[in-house]
Amino acid sequence: MSAESAPALLSVRDLRTWFFTDQGVAKAVDGVSFDVRAGETLGIVGESGCGKTVTSLSVLGLLPQPPARVMEGSSVRLRGEELIGSGERRMRALRGNEISMIFQEPMSSLNPVYKIGGQIAESLRLHRGMDRKAARAEAVRLLAEVGLSEPERRVDEYPHQLSGGMRQRVMIAMALSCEPSLLIADEPTTALDVTVQAQILELLAELRGKFGMAVLLITHDLGVVAEVCDRVVVMYAGQIVETGTVYDIFGEPAHPYTRGLLDSLPSVEDPGKRLDSIPGTVPNPIDWPTGCRFRARCPLATEGCELPQDLVELGEEGRTARCWRAPSLVATGAAT
Amino acid sequence: MRKVLILGVASLTAGCGGEGGQRTASNDPFCQAVLPAVEAFMAESRARNPTPDDPRYGGTLVIGSIGELADGMNAAISTDYSTTQHQQFVNLMTLIDYDPEGNARPYLAESWDVAPDGTEITFHLRRDVFWHDGEQTDAYDVAFTYETVTDPLTAYPNAAFWDNYVKGPNGVAVVDDFTVVIRLEPHAEFLDPFRSAAILPEHLLGDVPRDQLRVHPYGTQCPVGNGPFVFAEHRPQDRWLFEANPAFPDALGGRPFVDRYVYRIIPEQTTLLTELLTENIDVYISPGPDQAQTIIDNPNLELRSYPFRNYILVGWNSRRPQLADARVRRAITMGTNRAEIVEAILRGYGTVAHTGVPAFHFAHSPEALPRLRYDPERARALLDEAGWRDRDGDGVRESADGTRLSFSIKYNTGNQQRQDIAEIMQSQLAAIGVEAQPQVVEWATLLQQINTPELRDFDGVIIGWVAEFKVDDTDLFHSERIDQPYAWSGTQNPEIDRLLDAISITVDRSEATNLWLEYQRVLIEEQPYTYFYFPDRLDGVNRRVVDVVMDARGEWVNIKDWYLDPSSR
Amino acid sequence: MIDRSLPPLLSVRGLEKHFPLGQGMLGRAVRHVKAVDGVDFAIWRGETLGLVGESGCGKSTTGRAVLRLLEPTAGEVHYDGMDVRALDRESLRAFRRRAQFVFQDPFGSLNPRLSVGAMLEEVLEVHGLGGANRRDRAVELLELVGLRPEHIDRYPHEFSGGQRQRLGVARALSVEPEFLVLDEPVSALDVSVQAQVVNLLEDLQAELGLTYLFIAHDLALVEHVSDRVAVMYLGRIVEIADAANLYREPRHPYTRALLSAVPRPDPVGREQRERIVLQGDVPSAVDPPMGCPFHPRCPHPAKDDVCGSVRPLLEGDPGGHLAACHYQPSGVETST
Amino acid sequence: MTKYLARRLLGAIPLVIGIATIVFFAVNLAPGDPTLRFLAPGMNQEVIEQMRANFGLDQPMHIRYVKWLGAMLTGDFGYSFSHSRPVLAVLRDFVPNTLVLSAVALVVAFVLGVLLGTIQAVRQYSKVDSGLSVVLLFFYSMPSFWLALMLILTLSLFARNVWELPIWFPASGMVSTDYEFLSFGAQLRDRFMHLVLPTLSLALVLTAGIARYMRGSMLEVIRQDYIRTAHAKGLSERVVVFKHALRNALIPIITLVGLYIPVLFSGTVFIEYVFAWPGMGRTIYEAILTRDYPLVMAGSFFFAAMVVVANLIADVLYAIVDPRIRYE
Amino acid sequence: MSSDVGSLVVEHHQGTSRGGRLLSAILPGLPQLLAGRWGVGSAALLTWVGLLWIVVARPSRVASALGGAWDEQLAVGTLVVGLSTAWLWSWRDVAAAHEVKRVGVSVWELAVRAFSKNRTAVAGLLVIVGLYVIALLTPLVAPYDPAFQGDLLRERYVSASAAHPLGTDQFARDVLSRLLYGARISLLIGFVAVSISVTIGTLLGAIAGFLGGIVDGVIMRFVDMVISFPRLVLLITIIALFEPSIFLITAVLGLTLWPGTARIVRGEVLSLREREFVQAATALGFSKTRIILRHLIPNALGPVIVAATLGIGNTIVLEAGLSFLGLGVQPPTPSWGTMVADGRNVLLNAWWLSTFPGLAIVFTVLSFNLVGDGLRDALDPRLRS
C-alpha cells in the first residue's frame with residue numbers, strides 16, 4: 001500500500017474535548033492527534049472510557065454542547081479545511097455527505113417510526129437534491145448493494161421488522177448513500193453475534209474497495225482490529241498511547257498498556273494458560289493521574305514515570321508510543 | 001389525521017344547537033302534534049293583530065337567574081318560586097291576581113260570586129283568552145285543573161292549599177263554557193289558591209294519567225299556555241325563550257312590548273353579576289346583599305329592593321331538655337342581636353322578624369306587639385330564673401341536674417347567610433353562657449333529620465320559609481299536626497291551637513286581625529322559633545328596561561308591560 | 001479432580017422452556033417462543049461446562065431453568081440425586097444454598113439501595129449463617145473476591161464494573177454453595193478486567209472445589225475456562241465435547257462456522273485465513289425450522305432433504321464428543 | 001385491529017357496570033330521597049308516599065338495582081326525576097355540549113402542551129425552560145374554578161368595563177341571545193367567542209401536565225441513537241426535532257389522552273358551572289344534589305363509557321404513530 | 001462516563017475559626033451565608049430570627065400556650081425544637097467543617113445532591129417546610145383567634161390595615177389569622193389523604209406487580225375502574241350524600257387517590273421484577289414478602305414520592321374545588337378552599353377575601369409541584385444530562 005505518501009484526508013491535531021459536569025471537568029479527550037489517509041482503514045482501539053467514541057463524535061461535531069466543549073487549539077481538518085468552528089451550516093453539509101458515520105447499536109440507530117427507505121432517501125434528497133421517486137429508486141439500489149435480499153420489499157419495511165445484521169446493513173447503505181470519502185464506524189459490530197459480525201466486516205471490506213473511501217474504525221475488540229485495519233491508534237485515558245501499523249502493534253507492542261491488553265486475551269496456542277490481567281481500573285476522567293496515566297497499573301513503572309509523557313517516535317514514520325521506556329522495550333523485543 | 005380531528009371538532013361546534021329560530025321541534029310525538037298548531041295560530045294572530053306602531057314595542061329582554069325553571073310550565077307538579085312566577089305571569093294565567101295592596105282582582109276570571117254561606121265560589125271566565133294553539137280557554141280547563149291538583153295521585157306538592165275545599169267529583173261543577181263553581185268549607189283567604197295555581201289546558205292534558213303528569217313532555221318541552229308570552233324554546237340548564245303573544249286580550253293590555261323574552265340560567269353568582277355589568281343580561285334576579293353596592297355603583301344599573309315574603313328563623317326542638325322551657329328560648333332570642341345581624345349580613349336590606357307574619361299581610365303590625373329586643377342582661381336573668389346557672393365555672397350554664405345548656409344549630413350546606421347566622425349566634429350566645437355549636441348538614445339529609453316525625457334529630461335548625469299570601473301556621477304549631485313533617489318545634493299549646501283554628505275560618509279581616517295579634521302575642525311568649533328577619537328582595541335591573549314593577553308579588557308581575565328604551569336597542 | 005465415573009452432580013434431560021407470546025381471545029397464549037427446546041447434558045463435580053451460542057439461542061434460559069429461576073416447561077433436572085423440579089418451598093431453599101447464580105449485568109444485578117454490607121448480611125441472616133458476627137463474615141467474603149474491607153459501607157454505584165462483578169460472586173458465595181451457574185459473567189467487562197474476573201473465578205474453583213456451568217458467547221474465553229463445552233443453536237445443543245476436542249475438531253457445521261468467524265488478534269496471514277461466512281440470520285424460535293434447525297443456513301456440501309425433515313440426534317463417540325448432525329465427518333456410531 | 005377493538009369493548013363492559021354499581025349504591029344508601037326537593041308547607045306523608053310511588057322508589061333497593069341493571073342493559077335508562085324526561089333525552093341535550101367543550105380543550109391543551117414541552121426539552125435548563133415550567137405550573141396549581149373566575153373578571157368584565165378593550169369575551173352560555181339572527185359567519189364567531197374562556201380554563205390546567213410529560217419524553221428521545229443518526233446525516237436541528245424526535249416523543253404522550261379524559265370531565269363540573277355551560281358535568285352535579293338517581297347513574301355510565309372510548313382512541317392513535325404496534 | 005463518581009464527591013466546607021463559632025452562637029446560619037452557602041445559611045438564619053421574634057414579641061402568648069390546649073403546646077414544642085435545631089446545626093456545622101467524611105454514598109444521598117442543585121425546587125421545598133412550621137406555630141403567630149368577630153357594624157370588609165394586614169371578612173374576622181389557621185387544615189388534609197393513598201397504593205401495587213396472575217388481574221381491574229371515572233364526580237357523590245366532615249373529606253380523598261399510586265408502583269415493580277437483583281434475591285431463597293418489602297418497594301419508591309408530592313398539591317386544589325361546590329370543609333373551620341369559595345361573591349368589592357387564600361393555594365401547590373418536579377429530575381437519572 002502506498003498509504004504513506006498520500007496526503008492526509010482527515011487530520012486531527014491536539015483535539016481536546018472536555019465535559020463540564022456538576023462533578024467537575026471530565027477531560028474525555030485530552031490532546032489527540034492522528035491522520036486518516038485517503039482509502040486506508042485506521043483503527044482506534046481502547047477500553048471503555050478511553051475517549052475513542054468522543055474523538056469520533058468530535059470530528060463530526062455531534063456532541064451536545066454543553067456539557068461537551070471542544071477546547072481552544074484543537075484542530076480537525078478535512079482535506080486541509082478546518083472544521084472546528086466552521087459553523088453548523090457547513091458541518092451539516094459535510095455530515096452524511098463527505099463524512100458519514102455508523103454506530104454501535106443497529107437496533108436503536110434507526111428511527112423506529114419511519115420506513116427504512118424513507119430514512120435512506122432523506123440523505124439523498126438533502127445532499128443530492130433528488131426528488132422523492134429518484135431517491136427511493138436509489139435507496140432500493142443501495143439496499144441491494146449492501147446485500148439485503150428483496151430490496152424492493154424491504155424498502156417499505158420498518159426497522160423493527162429487520163434483524164440486527166440487516167439493520168446494520170441499512171445503516172451502512174445510508175452512510176454510503178452519498179459516497180463519502182470517510183466513513184467513521186463506531187463499534188459497528190460490537191452488538192452483533194460473531195457470525196453476523198463476520199458478515200458485516202466482510203461487507204465493509206468489500207465496499208471500501210469498491211468506493212475507495214477511508215474508514216475510521218473505532219472498537220475495543222483487538223480481534224476485529226487485527227482483521228481489518230491498516231494502521232492502529234491505541235488510546236488510554238483520553239490520550240493516544242501508541243500508534244503504528246497493524247503488524248507493528250500486534251507483532252511488537254511498544255507501550256506496556258498495549259501489551260497488557262494483548263496478554264489479557266486467552267492464548268490461542270495455549271488455551272489453558274493463566275491470563276495476565278492488568279491490575280486496577282481505568283482512572284476517573286475528572287481526575288486523571290499526573291505523569292504517565294497508566295503508571296498506577298503498569299508492571300514496569302519506575303522512577304521517572306511520574307513525569308508527563310510525550311509520544312516518542314520509534315523508528316519508522318507513524319510509529320509512536322507514549323512511554324519514555326518504549327524505545328528500549330522495542331529494542332530488546334521484550335514480549336512478556 | 002390531525003386535520004381530520006380539528007375539522008371534526010369544528011363541525012361538531014357548528015352542528016349542535018344550530019336549529020335556532022322558532023319553536024324547537026322536540027321529537028316527542030306530543031310536541032310534534034302540538035307545535036305546528038301553535039305555529040299556525042300565532043301566524044294567524046300576528047296577521048290579525050299587527051304590532052301597534054309604537055316605539056315601545058320590540059327587542060329582546062334577558063333575565064338571568066341561578067336556577068332552572070324546575071318542572072317547567074306544568075303547574076300541577078311544581079313548587080319552585082321562579083317557575084310558579086312564570087306560570088302565573090308569563091306563560092299561563094291564574095283565575096285572579098293581586099293588586100299591589102294584596103287585594104284580589106280579575107284576571108282570567110272576569111268576575112266571581114261567593115255564596116252567602118261561603119261554601120261556593122262561582123267564577124265567570126273571560127271569553128277572549130285562547131290557548132296558544134288556538135283553542136279557547138274555558139270552564140273545562142278550570143275544572144280539569146282543580147281536579148288534577150286535588151287528586152292525591154298527582155301528588156301536587158302544594159295540595160295543602162286545597163285542604164278546606166271539597167275534593168273529588170263534587171268539588172267542582174261546570175255551569176256553562178265560561179262559568180265554573182267550586183265548593184268549599186268556609187274559611188279565611190279562600191281566594192288565595194286561585195291566585196297561585198295557574199290553569200292548565202284540559203284539551204291537551206285531560207287524557208294523561210295523573211301519576212304520569214310529572215314525566216309528561218308538556219312541562220319542559222312544549223308547554224302550551226294562554227298567557228302573554230308564548231313558549232318558543234327550552235334548552236335545559238341554559239335558557240327558556242318566550243315570544244310575545246299577539247293574541248293576548250287587548251283588555252288585559254294586549255301583546256307584551258318586548259318581542260322576545262329570554263330566561264337564562266347561570267348558576268354562579270359572580271358570573272351573573274359580570275353578565276349584568278357587561279349588559280349581556282338586563283335583569284339579575286336576587287343578587288346577594290354583598291353584591292348590591294357594585295350594582296348601585298354602576299350608572300347603567302338600578303338596584304331594586306323591596307320587602308318580600310320569606311323569612312329566616314331558627315327552629316327549636318322543644319323535645320330537648322335544654323330547650324323545653326320557653327324562658328330559655330326567649331333568653332336565647334334576647335341574647336341574639338338580630339338588628340345587628342340584619343345590618344351586617346343583609347347590609348340593611350331586611351327587617352327584624354318577631355313572628356312569621358310578613359309586611360304585606362294585613363295583620364302585620366309589629367308595633368302592636370311586645371318585642372324581644374337584644375338584651376343580654378335580661379337574657380341572663382331569665383336563664384338564672386329558669387335554673388340554668390354556670391355551676392362549674394366553665395362559662396356554660398348547667399341545670400340543677402347537671403345538664404349543660406349546650407346544643408347544636410344545624411343548617412344546610414352551601415347557604416352563606418345561614419352559615420353566617422349560626423356563626424354569629426355561636427359567638428353572641430357564648431356571652432350569656434349558652435353554648436351553641438353550628439353544624440352543617442347536606443340539605444336532603446337535614447330535611448330528613450328534621451321532618452321525619454320519628455327522628456327529629458336536631459336541637460336548633462336554621463331554615464327559611466317563603467310564605468304564600470295566605471299565611472297559615474297550622475302545620476307548624478298546631479298540636480294536631482304533631483306527627484306531621486313540619487311540626488319541628490313540637491309545640492303543644494292549647495291557646496295556640498284555639499287561635500289557629502279560629503283564624504283559619506275567620507273570613508272578615510278586621511276580626512281576623514285581632515285574632516292574629518292575639519296569636520302573635522302567645523307565639524312570642526312561647527318562642528318556638530327565634531324569628532330572625534324578613535330579608536328584602538333585591539334585583540339588579542338595567543335602566544334600559546322601563547316600567548318595571550317588582551314587589552312582594554314577585555319579579556314577573558307586570559313583565560308584559562315592560563319595554564326596552566328604544567335608544568338602547 | 002474430576003471423576004466422571006461417579007454419577008454427575010447435575011444432569012439435565014429433555015429440558016424445555018417455552019414462553020407464551022401474546023394473548024388469544026380468551027387470554028390463552030396461542031404461540032410460544034421455544035427458548036429451550038429439548039436440552040440434555042450433565043456436569044460432574046469439580047468441572048466447568050462451558051455453554052456457548054449466539055444471542056437468543058437459549059443458553060441463559062437453560063441456566064435459569066436449571067436453578068428453577070424459571071420454571072421449566074418440560075424435562076428433568078437432577079441435582080445430586082434430587083429431582084429439582086419436584087422440590088417444595090423448604091427444600092428449594094435448601095437447594096439454593098447449594099447452587100447459586102452469578103448474573104451478567106454488573107449494573108442490574110445489585111440492589112442499588114443496599115450497601116454492600118447490608119446486602120451480604122441480609123443473605124447471611126436469611127440463611128442463619130455467620131452467627132453473631134455477620135459483618136465479619138461479610139468482610140471475609142469481600143476479601144475472598146479481592147475487595148477491601150473498607151468497601152463494606154459503599155453502595156453498588158460506587159464500584160466499577162469489575163468490582164461489581166466481584167460483588168455478585170461474593171453474594172453467590174455467601175451461602176457457601178458447591179455449584180455456580182455463571183451467566184456471561186465477564187461479557188460486559190473490558191478486556192483487561194475480564195481477565196481479572198476470570199482469574200478470580202478459576203482461583204475460587206480451585207480453592208473451594210466449585211462446579212461451574214459457564215455460559216458465554218465468547219468462544220476463546222469458553223475454551224480457556226472450560227473442561228467441556230456445549231454449543232447451542234436455537235434452543236438445542238448441537239455439539240458437546242471436551243474443550244480441546246471441540247475446538248480442534250469441530251463436528252457440527254455450525255460449530256465450524258462459529259469458530260471460523262471469531263476474529264483473531266493476529267494480523268499475520270489474515271488475508272489467507274479461510275472463513276465460513278454464514279448467510280442470513282438465526283430463524284425465529286417461535287417457529288423453528290423442521291428437521292435440523294440449522295439446515296436453512298448450513299453450508300455443508302452434503303445438505304439434503306433429510307436435514308430439512310429429520311431432526312438429527314445428539315450422537316457421536318462414547319468418549320463424549322457428541323454432535324447433532326446427519327453428516328458428521330468421521331464415521332461415528334449411532335448411540336441411542 | 002377490529003377484533004382487538006371488539007375485545008377491548010367487551011372487556012370494558014364489566015368496568016362500566018362496576019362503576020355504575022358503585023354509584024348506584026352510594027346514591028341509594030345515602031340518607032334522603034328525591035321527594036325532599038318538593039318541600040312545601042302542609043305536604044303530608046301521604047303525598048310524599050304517592051310521589052315516591054310515582055318515582056318508582058317504593059320498592060326495596062336490591063329489586064330496584066336488578067331492575068335498573070336489566071333496563072340499562074337493554075338501553076333503557078329510565079326517567080330523570082329532576083328533568084321529568086327520559087334520561088336518554090337529557091343525555092342527548094347535554095352530552096354533545098360537554099363533548100364539544102372537552103374536545104376543544106383537549107386539542108388546545110395537547111397542541112400547547114406538546115409545543116411548549118418540546119421547546120422546554122430542546123432548551124433544557126435554559127431560562128425558557130424554567131420560565132415556562134413555572135408559568136405552566138402556576139396555572140396548574142390554581143383551583144380551576146378560581147382560574148375560571150379570574151378569567152371572567154379580567155377577560156370579560158374588566159376588559160369591557162374598565163380597560164375598554166375592543167375584544168372581550170362573554171362570561172356565560174354557549175351562544176348569544178340573538179344567535180338565531182346572526183349570519184353564518186357571525187354565528188361561528190359567536191360560538192368561538194363563547195368557547196374561549198371555558199376551554200382556556202379547562203385547557204390551561206392540563207397543558208402543564210402534558211408539557212411536563214412531553215418534556216420528559218422528548219428529553220429521553222433526543223438522547224436516542226437514531227437522533228444522533230439523524231444529526232450525522234446532516235439534517236438541521238428543526239428537521240431532527242420536528243420530524244425525527246417529535247413523532248417518537250408523542251408515543252408515550254398518547255397514553256395521556258386516556259388518562260386525562262377523566263380529569264377533563266372532573267374539570268367540566270366546575271367550568272360548566274361557572275360559565276353556565278349546559279353540559280353533563282354540571283348536570284350530574286345537580287343530579288347528585290337532587291338525588292336524581294337515574295340521571296346520576298346514567299351520567300356515570302356515560303363518563304365511564306367515554307373514558308373507555310377515549311382509551312380505545314388512544315390505542316388506535318398508538319398504532320398509527322408507532323408502527324411497531326400491531327393489535328391482533 | 002465515570003464509574004466512580006459517587007465516592008469522589010467530597011464536602012468542601014470553608015474551614016472556619018473560632019470567629020465562625022462565635023458568630024454561629026449568636027446568629028446561626030450567618031457563617032454559612034458568609035461562606036456563600038446561601039440556601040442552608042438563610043434557612044438557618046431565618047428559622048432562628050423568625051422563631052426568636054415570636055419569643056420576643058409574644059412572650060405572654062408563649063407563656064400561656066405552655067399550659068394551653070394540645071395544639072398550643074405543640075406550637076411551643078415546635079418553637080423550642082426549631083430554635084435548638086437551628087442553633088445546634090449551625091454550631092456543629094461550623095465545628096465539623098474541616099472534617100471530611102468518607103463513607104458510602106447511597107442513591108438517596110445522590111438524589112438529595114441532585115435535588116439541591118435545582119434552585120426552584122429547593123425554593124419550593126423551603127416554602128413547604130416554612131408553611132408546615134408556620135402551621136404548627138399558628139397559635140403563637142396568628143394575630144387573632146380565627147373565630148373572633150370584631151364589631152360587626154364597623155369592622156366588616158375592612159381592607160388591609162395595620163390592625164388587619166390582610167383585611168377582615170364578613171364577620172369582621174381577621175383574614176390573616178384565618179389564613180394561618182386555614183393552612184393547618186389544608187396542609188393536614190393534603191398530607192393525611194396522600195399518606196393513606198400512598199400506603200394503600202404502594203402495597204397493593206407491589207403485590208399486584210410481583211405476584212401477577214389473578215391477584216394482579218383483580219386489583220388492576222379495580223384500579224382501572226376507579227381511575228377511569230372522573231374522581232370529582234365520585235367525590236361529590238359520596239361527600240354530597242353524606243355529611244361533609246373533615247374526616248370524611250380526607251378519607252374519601254385518600255381512598256380515591258391510591259389507584260394512581262398502585263399503577264405507578266405496579267409498573268415499577270414489573271420492570272424491577274425483571275432486573276437481575278430481584279432474580280438474585282429469588283436465587284438466594286428470599287421469601288416473597290422480603291423481596292417485596294425490602295427489594296421492590298424501596299426501589300419503586302422514587303416515582304411514588306414524586307406522585308405523593310404532586311398528590312398533596314392536587315388534593316389541596318381538589319379540596320378547594322369541593323368547597324366551591326359547598327362540599328368542602330365546613331365553616332366555621334377555615335380551610336383555604338372554603339375561604340376562596342366563600343369570598344368569591346364579593347370579589348368585586350372585597351377582593352382580599354378570596355384572593356389571599358387563592359394565592360396561598362396557588363403558591364403552596366406550586367411549591368409542591370416544583371418540589372415534585374425537582375424530585376422527578378433528581379430521582380430519574382434518565383432525565384439528567
Side-chain angles (χ1 to χ4, degrees), chain A residues 46-50 147 149 162-166 189 191-199 201-203 219-230 232 245-251 257 260-268 270-282 284 297, chain C residues 52-57 146 159-163 188-200 202-203 217-227 233 243-244 247-248 254 257-268 270-271 273 275-284 297:
Chain A
E47 293 179 289
S48 51
C50 72
S149 57
L162 308 179
S163 70
M166 280 149 79
T189 59
L192 304 175
D193 281 319
V194 262
T195 55
V196 182
Q197 168 171 298
Q199 296 170 1
L201 290 178
E202 188 152 283
L203 174 70
T219 181
H220 71 281
D221 189 329
L222 292 163
V224 170
V225 173
E227 295 277 358
V228 303
C229 294
D230 299 320
V232 179
T245 67
V246 69
Y247 300 99
D248 292 337
I249 298 284
F250 284 87
Y257 174 65
L261 274 188
L262 288 168
D263 290 341
S264 298
L265 297 172
S267 157
V268 183
D270 185 4
K273 182 178 153 275
R274 189 178 168 81
L275 304 178
D276 286 311
S277 62
I278 304 176
T281 51
V282 178
N284 189 322
R297 305 175 71 189
Chain C
V52 289
E54 294 179 284
S55 52
C57 71
F159 291 93
S160 66
Q163 287 172 320
L189 307 177
D190 277 323
V191 193
S192 65
V193 183
Q194 250 181 24
Q196 294 173 3
V197 175
V198 167
N199 287 342
L200 170 73
E202 287 179 337
D203 294 345
H217 67 269
D218 183 334
L219 289 150
L221 195 68
V222 168
E223 181 185 20
H224 172 78
V225 299
S226 307
D227 299 303
Y233 184 78
Y247 281 75
R248 200 173 52 242
Y254 176 65
L258 206 56
L259 286 173
S260 84
V262 179
R264 292 176 43 194
D266 181 6
V268 179
R270 63 183 180 186
E271 275 79 24
R273 214 170 280 155
R275 186 184 279 162
I276 309 166
V277 176
L278 291 177
Q279 294 309 307
D281 292 297
V282 182
S284 153
R297 302 171 75 199

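Because the structure is a prediction, the values reported are computed rather than measured. We name chains A, B, ... by the order of the sequence lines, and we start the count at 1 in each one.
For D266(C), the part lying under 4.5 angstrom from a heavy atom of chain A is the backbone only. Interface remark: V224(A) contributes backbone and side-chain atoms alike to the contact with chain C (heavy atom separation under 4.5 Å). For Q194(C), no part sits under 4.5 Å from any heavy atom of chain A, backbone or side chain. Residue Q197(A) touches chain C through its side chain alone, counting heavy-atom pairs closer than 4.5 Å.
Options S260(C), A261(C), P267(C) differ in how many heavy-atom pairs under 4.5 Å they form with chain A, and the most are formed by P267(C). Ranking G56(C), A195(C), G53(C), P263(C) against chain A, the residue ahead of the rest is P263(C), based on heavy-atom pairs under 4.5 Å. The residue among T189(A), L262(A), V228(A) with the most heavy atom pairs within less than 4.5 Å of chain C is V228(A).
Partners of L265(A) by side chain to side chain contact (heavy atoms under 4.5 Å, CB included), not counting sequence neighbours, listed by chain and number: L222(A), V191(C), P265(C). Listed by chain and number, the residues in a salt bridge (Lys or Arg N to Asp or Glu O under 4.0 Å) with D218(C) amount to none (sequence neighbours excluded).
In terms of heavy-atom proximity, S55(C) sits nearest to D193(A) at OG-OD2, 2.8 Å. The two residues G280(A) and Q196(C) come nearest to each other via the heavy atoms O-NE2, 3.0 Å. Pairing each heavy atom of E47(A) with each of V193(C), the nearest pair is OE2-N, 4.3 Å.
R297(C) places a side-chain heavy atom less than 4.5 Å from the side chain of T195(A).
The structure places CG of L189(C) at 12.0 Å from OG of S264(A), a figure rounded to the nearest 0.5 Å.
No side-chain donor-acceptor contact under 3.5 Å links E202(A) to the backbone of V277(C). In this structure a side-chain-to-backbone donor-acceptor pair under 3.5 Å is missing from N199(C) to R274(A).
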